[in-house]
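What follows is a set of notes on a single structure, which appears directly below.
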Amino acid sequence: MLAAAEELGEELRNVQQESTQFEFNSLLTRCSDTITERIGVDYSSACDADDCC
């Protein structure tokens, strides 16, 4: 799972460099929604902590 997370992070960095902020934020929201749906953890809430993400 950690390898998949690292791969996703790398892909997101690449997309961020090649897209507008709006496009990137939209993609990031879709990724968070998919993570929440697949693993049952509200990923966006977990990342709302001040010392996280």
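In this text the structure is predicted, and so the values were computed from the model without any measurement. Position 1 is the first residue of the sequence, and the numbers go up from there.
Note: the hydrophobic cluster containing Leu12 does not contain Phe22 (ILVMFWY, side chain heavy atoms under 4.5 Å, direct or indirect links).
To the nearest 0.5 Å, the span separating CZ on Phe24 from CD on Glu18 amounts to 11.5 Å.
Checking side-chain atoms of Ser32 against main-chain N and O of Leu28 turns up a donor-acceptor pair under 3.5 Å.
Annotation for Glu10: atom CD counts as buried by contact number, over 12 foreign heavy atoms lying within 6.0 Å.
Side-chain atoms of Arg30 and Thr34 include no donor-acceptor pair closer than 3.5 Å.
Taking both residues in full, the closest heavy atoms of Glu6 and Arg13 are given as O-NH2, 4.5 Å, listed atom of the first, atom of the second, then distance.
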* To do: List the steps and the verdict of side chain to side chain contact (heavy atoms under 4.5 Å, CB included) for Leu27 and Ser19.
  => CA-CA 10 Å; Leu27 175 62; Ser19 64; over 6 Å; no
